[in-house]
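Have a look at the structure below before the remarks.
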Amino acid sequence: MDRTISSSASLSTPKFRCFDPSNSYHASTNHNHYFLTFPSNNPTTRGVTGESRKHEPKTITGEFGYVLEDVPHLTDYIPDLPTHLNPLQDNPAYSVVKQYFVNTDDTVAKKVVVQRDSPGGTHFRRAGPRQKVYFGSDEVQACIVTCGGLCPGINTVIRELVCGLYDMYGVRRVLGIEGGYKGFYSRNTVCLTPKVVNDIHKRGGTILGTSRGGHVTSKIVDSIQDRGINQVYIIGGDGTQQGASAIFEEIRRRGLKVAVVGIPKTIDNDILVIDKSFGFDSAVEEAERAINAAHVEAESHENGIGVVKLMGRHSGFIAMHATLASRDVDCCLIPESPFYLEGPGGLFEYIRKRLKEHGHMVIVIAEGAGQELLSGTMSNLDQRDASGNKLLQDIGLWISEKIKDHFAKQQKMTINLKYIDPTYMIRAIPSNASDNVYCTLLAQSAIHGAMAGYTGFTVGPVNGRNAYIPFHRVIEGRNKVVITDRMWARLLSSTNQPSFLHPKDIVEDKK
Ligand SMILES: Nc1ncnc2c1ncn2[C@@H]1O[C@H](COP(=O)(O)OP(=O)(O)O)[C@@H](O)[C@H]1O
Ligand SMILES: O=P(O)(O)OC[C@H]1O[C@](O)(COP(=O)(O)O)[C@@H](O)[C@@H]1O
Ligand SMILES: [Mg+2]
């Protein structure tokens with residue numbers, strides 16, 4: 001579809017001009033791009049001369065304290081976009097479903113436990129197919145990129161994006177960007193078809209490759225524009241969603257008809273708002289195997305101690321869930337719960353007690369736990385990876401040495417400690433059955449959102465329903481284990497470990 005939208009600089013409408021092919025900076029033959037010129041009177045950019053202000057959150061309020069934290073839509077900055085009937089209504093598989101399309105007003109409550117007098121509270125737009133779409137099938141040129149660390153299920157999401165675009169919306173042009181964000185401007189692309197992706201969900205990793213660092217917003221958006229891409233599916237964690245948000249802002253600033261969709265991928269389960277990230281269950285299952293091995297080793301030796309280090313840079317969800325699932329773990333240490341070694345209530349005292357009672361024990365430690373204890377004692381202090389994430393020191397190795405040293409020198413006690421570090425093994429596997437289904441729903445929800453013209457959002461389950469969540473909500477912090485929550489209490493009660501909290505802290509927290 002080739003359209004020119006122009007308007008006078010009225011007070012109520014933004015001023016747009018059509019893409020100018022003579023502009024060598026963005027030389028492209030694609031006709032689906034609209035440019036926003038500044039200054040404009042668009043509410044999201046008003047008052048800014050020469051450059052765009054960030055997209056203001058769209059908040060819609062209703063009666064009784066109802067709040068919708070809405071996601072941007074292409075029509076927010078490109079008015080009068082033509083619409084099409086959703087091709088799903090003629091699709092034999094879907095046309096038989098009663099009420100297949102979601103009501104455009106459907107929203108998902110962030111909080112489902114409420115009291116009689118509770119206000120309506122925060123809601124997100126419900127994911128799903130809409131009757132009207134803003135892209136024709138022939139018009140779509142989609143791309144998929146995977147960034148950050150690996151996670152079980154990435155290939156399933158890629159597969160389902162490609163097959164969903166093909167089967168549900170008749171889209172035939174889907175590009176894979178190789179090697180993460182930097183692939184937009186430094187690598188080739190690969191054409192993705194249902195045939196190419198047919199079996200990939202059975203493999204771990206990502207067929208597209210991934211990387212850290214290399215997010216240069218202007219170069220990425222230039223590449224999107226030059227290639228004529230109008231739907232961008234970005235699979236990645238908290239850092240990636242930050243990057244996706246920057247891409248969305250730049251696309252909006254340039255006034256392009258390009259939908260930017262984030263698909264949350266994090267093995268650490270540290271992305272805000274969503275219930276749980278895909279691949280997390282698969283990773284926990286794999287972690288169980290390491291814990292089992294540690295337990296077998298520990299119980300076969302006198303004073304046997306099995307130490308297992310698991311992933312979890314800032315959030316201890318994997319360690320917590322693997323511990324709760326296993327029942328063989330006697331102590332779980334996570335970044336959110338500071339601990340200490342010596343003295344009453346400390347880790348050494350607990351280990352001694354446990355060995356006396358049971359003759360063996362298993363300790364699970366998340367890689368980000370206790371970093372403050374060993375700061376300055378090991379090399380690579382304050383080093384960062386290409387994405388700016390702090391490189392952690394090996395807490396598992398450090399604590400194993402400390403335990404051995406303490407029991408040999410101070411307790412004159414022979415212990416048998418086995419240290420297991422399955423770090424990469426838990427994330428390099430294919431996803432399990434339930435994660436595969438999760439990935440399918442996630443990918444399809446992402447497609448429906450982009451086709452319906454929504455942009456600048458992350459898709460994910462909120463209280464069991466997929467929703468479109470504005471980027472700013474997922475990048476404003478990290479999801480962490482709350483150690484004053486019932487889940488952590490369950491863990492403490494299942495392991496019998498000390499809380500390592502000073503009674504004064506607990507009283508203050510309860511207040
Ligand atoms: N604040 C940020 N702004 C823009 N891009 C970012 C930001 N943080 C990370 N990125 C980019 O996102 C990608 C993945 O980030 P990373 O932190 O490595 O993994 P993850 O997304 O899994 O957390 C990298 O290419 C990185 O450059
Ligand atoms: O060695 P790499 O590839 O940087 O990955 C290690 C890190 O990746 C993580 O799994 C998290 O990565 P993401 O944020 O990309 O999901 C951490 O738990 C771990 O510290
Ligand atoms: Mg991350």
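Sequence positions, counted from 1, serve as the residue numbers for this chain. A quick note: this is a predicted structure, and the numbers were derived from the prediction, not measured. In listed order, ligands and their atoms are each counted from 1.
Defined by atom type and a distance below 3.5 Å, a donor-acceptor pair is missing between the side-chain atoms of Tyr340 and Glu342. Side-chain contact annotation: Tyr185 with Asp226, donor-acceptor N/O pair under 3.5 Å absent. Side-chain contact of Ser431 with Asn436: a donor-acceptor pair under 3.5 Å is present, judged by distance alone. No side-chain donor-acceptor contact under 3.5 Å links Asp270 and Ser315. For the residue pair Thr217/Glu250, the side-chain donor-acceptor check at 3.5 Å is not satisfied. At a cut-off of 3.5 Å, with distance as the only test, no side-chain donor of Asp330 or Gln497 sits close to an acceptor on the other residue.
Counting heavy atoms from C-beta on, the side chains of Ile271 and Ser277 never come closer than 4.5 Å. For the pair Thr323/Thr495, a side-chain contact is recorded, criterion being any heavy-atom separation below 4.5 Å from C-beta on.
Once rounded to the nearest 0.5 Å, the distance linking CG of Leu161 with CD1 of Ile235 reads 5.5 Å. To the nearest 0.5 Å, atom CG of residue Asp70 and atom CD1 of residue Ile60 are 4.5 Å apart.
In this structure, Lys480 is not positioned above the aromatic face of Phe317 in the sense of NZ or CZ being under 6.0 Å from the six-membered ring centre and within 45° of the axis.
Inclusion of Asp385 in the set of residues having an N or O under 3.5 Å from an N or O of ligand 1 is not warranted. By the 3.5 Å distance cut-off applied to N or O atoms, Asp385 is not counted among the residues near ligand 2. For ligand 2, the polar-atom distance check finds no N/O of Met311 at less than 3.5 Å from any of the ligand's N/O atoms. Taking distance alone, with nitrogen or oxygen atoms compared against 3.5 Å, Arg212 approaches ligand 2 more closely than that limit.
Near Ile267, meaning under 4.0 Å from one of its heavy atoms, ligand 2 places the atoms 10 (O), 16 (O). Taking every non-hydrogen atom of Gly312 and a distance limit under 4.0 Å, the qualifying atoms of ligand 2 come out as 18 (O). For ligand 1, the atoms lying closer than 4.0 Å to a non-hydrogen atom of Gly148 are 14 (C), 18 (O), 19 (O), 22 (O). For ligand 2, the atoms closer than 4.0 angstrom to any heavy atom of Gly148 are 15 (O). Close approach of ligand 1 to Lys265 is summarised as follows: ligand atoms under 4.0 Å from at least one heavy atom of the residue are 22 (O). Near Asn389, meaning under 4.0 Å from any of its heavy atoms, are these atoms of ligand 1: 16 (P), 17 (O), 18 (O).
For atom 19 (C) of ligand 2, the closest heavy atom belonging to the protein is Glu367 OE2, 3.0 Å. For atom 18 (O) of ligand 1, the closest non-hydrogen atom on the protein side is Ser387 OG, 2.6 Å. Protein heavy atom in closest approach to atom 15 (O) of ligand 2: Gly149 N, 2.7 Å. Shortest contact from atom 14 (O) of ligand 2 to any protein heavy atom: Asp238 OD1, 4.0 Å. Protein heavy atom in closest approach to atom 11 (C) of ligand 2: Asp268 OD2, 3.4 Å. Nearest protein heavy-atom contact of atom 1 (O) of ligand 2 is Tyr424 OH, 2.5 Å. In terms of protein heavy-atom proximity, atom 3 (N) of ligand 1 is nearest to Gln242 CB, 3.8 Å. Nearest non-hydrogen protein atom to atom 25 (O) of ligand 1 is Gly213 O, 2.6 Å. Summary of contacts: the protein heavy atom closest to atom 13 (P) of ligand 2 is Lys265 NZ, 3.6 Å. The single protein non-hydrogen atom nearest to atom 21 (O) of ligand 1 is Thr240 OG1, 2.4 Å, given as residue, atom name and distance. Among protein heavy atoms, atom 23 (O) of ligand 1 sits closest to Asp238 OD1, 2.5 Å. Regarding atom 4 (C) of ligand 1, its nearest protein heavy-atom neighbour is Gly243 CA, 3.4 Å. Annotation: atom 7 (C) of ligand 2 to nearest protein heavy atom, Arg313 NH2, 3.3 Å. Closest protein heavy atom to atom 3 (O) of ligand 2: Arg427 NH2, 2.8 Å. For atom 10 (N) of ligand 1, the nearest protein heavy atom (residue, atom name, distance) is Gly239 O, 3.2 Å.
Between Arg254 and Asp222 there is a salt bridge, since a side-chain N of the basic residue sits under 4.0 Å from a carboxylate O of the acidic one. Salt bridge status for Asp385 with Lys390: absent, with no side-chain N to carboxylate O gap under 4.0 Å. Taking 4.0 Å as the cut-off between side-chain N and carboxylate O, Lys276 and Asp281 count as a salt-bridged pair.
Within the structure, ligand 2 lacks Gly237 among the residues with a heavy atom less than 4.0 angstrom away.
Contact annotation for Thr217 and ligand 1: no heavy atom of the residue comes within less than 4.0 Å of the ligand.
Between His448 and Tyr454, the distance separating the two ring centers is not shorter than 6.0 angstrom.
Distances from atom 20 (P) of ligand 1 to the heavy atoms of Gly237, Gly236, Gly214 show the closest one on Gly237.
Arg125 places no side-chain N or O within 3.5 Å of a backbone atom of Glu69 that could act as its donor or acceptor partner.
The aromatic rings of His406 and Phe348 sit parallel to each other, their planes meeting at less than 30°, with 60° as the upper class boundary.
Here the N, O or S atom of Asp238 that is nearest to the Mg ion (ligand 3) is OD1.
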